[in-house]
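Below is one structure, written out as structure tokens, with a few remarks after it.
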Amino acid sequence: MLNIALPKGRLGEKAYGLMERAGFGCPEIHEEGRKLIFENSETGVRYFWVKPSDVAIYVERGAADVGIVGKDILLEYEPDVYELCDLGIGKCRMAVAAPVGYKDNTAQTLRVATKFPNIARAFFSSRSREIDIIKLNGSIELAPILNLSDILVDIVETGTTLKENGLEPVEDIVQISSRLIANKAIYKFKIDEIERLVQGVKSR
Amino acid sequence: MEILRITDIEETALALKRLYAQHGYRKFKMSRFEELEFYIDNRSFLEDDRITAFSDPSGKLLALRPDVTLSIVKNAREKSEKVYYGEYVYRTPRGSGTIDEILQVGLEHIGELDAYGVGEVIWLALESLHTLSEDYILDVSHMGLLVSLLGGLGLDEKVQAEVMRCVGEKNAHDAVRILTSHGVEESRAREFAELASMSGSFKEMLPRLRAADVPQVSEIADELEQIYRTIEQTGNGSKVRIDLSVVNDMIYYNGVVFSGYVNGVPFRVLSGGRYDRLLERLGKKSGAIGFAVYLGKLERYVPQRVGESGAALVYEDGASPERIMSEMQRLSADGTPVVVVREGGELPQEAKRVYRMGKDGALTNA
């Protein structure tokens with residue numbers, strides 16, 4: 001039985017679609033209700049929905065054998081897992097954004113609002129720029145508008161939200177997409193099942 | 001099936017230490033502290049670079065030992081030295097603010113190493129895994145191969161480290177992306193990624209390895225084949241595999257590297273490799289290989305056994321202590337675990353037989 005952690009939401013549903021088409025379906029998952037775990041003994045899979053940022057923890061600690069997670073989460077938390085395949089879905093980018101026309105004052109410490117402090121720290125440290133990280137959990141766009149921060153580091157899909165709030169992307173940090181990850185130890189003992197899933201998903 | 005076949009971590013530590021001693025390794029006892037500077041100088045040898053430091057009464061900065069190998073190597077003579085240890089190391093897991101004390105048992109062989117010496121250490125690693133479980137795997141790789149593979153691509157150290165990280169994650173897609181963005185032709189990048197993600201039995205992998213267009217590949221394949229032949233004749237052939245995603249730091253490790261796994265435990269339980277380069281950095285000219293078993297992390301996987309022959313002796317208020325003591329000794333004379341409980345107290349679950357003693361000292365089998 002392969003235990004698969006899916007991220008709650010649109011992306012998780014899309015990822016499930018890929019797996020279903022690859023022969024790892026579980027019709028029960030479409031039923032409405034509050035159930036958290038769905039199993040199909042015929043295809044040998046057990047799915048569960050978890051918060052997207054928790055998928056890597058479930059896999060790293062072996063509660064799930066494999067999982068679907070955004071590259072942003074992998075870069076931020078650096079879990080010790082195998083990253084077996086780029087699913088090519090959930091494409092977006094991690095970018096630095098600032099108020100339109102913003103000019104960096106290098107005489108001052110740069111205040112950066114973000115949900116991804118490690119990614120932001122690594123990026124600015126590679127530029128030798130001193131920064132003050134302001135860790136927020138949502139509505140990052142508000143921070144520069146209310147002068148809580150100078151700039152922000154966040155995921156940008158279309159850039160519409162930024163534009164509507166007088167902000168613009170200044171620089172891309174990294175391209176993001178969803179990845180199929182596996183627990184390193186479990187992989188050793190379920191290698192055939194996991195590789196069958198990887199190959200199935202890759203060929204879709 | 002139970003995940004581990006051991007019943008107690010401390011007893012397992014003893015069994016492993018006995019195994020190493022039986023093959024000529026001598027015990028190495030070390031201090032829990034080292035000077036902080038020593039670890040800072042060799043930071044990238046440590047699996048985790050977070051070190052817990054404090055100052056001693058004279059103001060000297062010390063660190064709680066995060067690693068054992070460094071201390072052993074520092075003290076080792078250059079001539080052949082075979083040592084084992086069972087020590088606690090102190091680490092701060094990622095995302096945690098607390099310091100973990102982890103029992104680690106392992107060995108190091110420092111000195112002139114020949115093919116037998118390397119084979120013996122890998123066999124002892126396999127025997128250590130076998131002590132823990134029936135179902136285990138030792139993945140083996142060779143740092144020389146990865147260094148040779150990467151060396152021909154003309155990348156700077158930082159990019160090499162990024163690519164090595166991808167190799168360790170079996171992340172072929174990002175490895176190709178990084179390589180091509182640094183001027184490596186796509187076909188060559190794909191070839192690299194394909195080779196680096198190789199894993200399978202020695203029999204299956206060795207011919208594939210030999211066919212690869214990599215400098216020194218034939219010497220490396222010969223070395224791996226020799227290891228396999230040595231291990232195969234111990235009956236462990238199916239328990240070793242080649243997996244090139246086993247990577248350690250290139251600055252310290254130069255030869256064979258390996259990781260051990262037990263079915264049902266979701267993390268690596270054993271890790272080791274050949275690290276002649278660490279000795280070189282410490283000004284010693286010698287070979288070195290060793291491994292550690294992370295015993296302390298296995299506690300929650302030890303099966304909770306319910307004793308089948310356990311007994312409880314329940315006494316009524318008023319029974320004489322000397323009578324209770326004499327019956328307890330009689331009942332436990334053959335090694336049976338016996339728990340003495342006052343009437344009304346909680347009986348242990350594992351008690352299969354319950355004896356009752358009245359206030360007059362008479363014993364009944366309830």
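So you know, we letter chains A, B, ... as the sequences are listed, proteins then strands, and number each from 1. Values below: all heavy atoms of this structure, side chains included; hydrogens, waters and symmetry mates excluded.
With A:Lys190 contributing its side chain and A:Met1 its backbone, the two residues share a donor-acceptor pair below 3.5 Å. Judged purely by atom type and a 3.5 angstrom limit, A:Arg121 has no side-chain atom pairing as donor or acceptor with the backbone of A:Phe116. Proximity of a side-chain donor or acceptor of B:Ser201 to a complementary backbone N or O of B:Glu204 within less than 3.5 Å is detected.
In this pair, A:Tyr47 and A:Tyr16 present their aromatic rings perpendicular. The plane angle is above 60°, beyond the 30 to 60° band.
Using a 4.0 Å cut-off between charged nitrogen and carboxylate oxygen, B:Glu101 and B:Arg91 do not count as a salt-bridge pair.
Interface remark: A:Tyr187 contributes side-chain atoms only to the contact with chain B (heavy atom separation under 4.5 Å). With a 4.5 angstrom heavy-atom cutoff, B:Ser199 touches chain A only via side-chain atoms. Interface residue A:Lys71: only side-chain heavy atoms are found under 4.5 Å from chain B. Contacts between B:Val269 and chain A at a heavy-atom distance below 4.5 Å are absent for every atom of the residue. In this structure, no portion of A:Asp65 lies under 4.5 Å from any heavy atom of chain B. Proximity to chain A (any heavy atom under 4.5 Å) is restricted, for B:Ser245, to the side chain, taken from C-beta onward. Of the atoms belonging to A:Ile191, it is side-chain heavy atoms, and not backbone ones, that fall under 4.5 Å from chain B.
Between chain A and the options B:Glu169, B:His173, B:Lys158, the largest number of non-hydrogen pairs under 4.5 Å is found for B:His173.
A:Asp86 and A:Ser177 form a side-chain donor-acceptor contact under 3.5 Å, judged by distance and modelled atom types alone.
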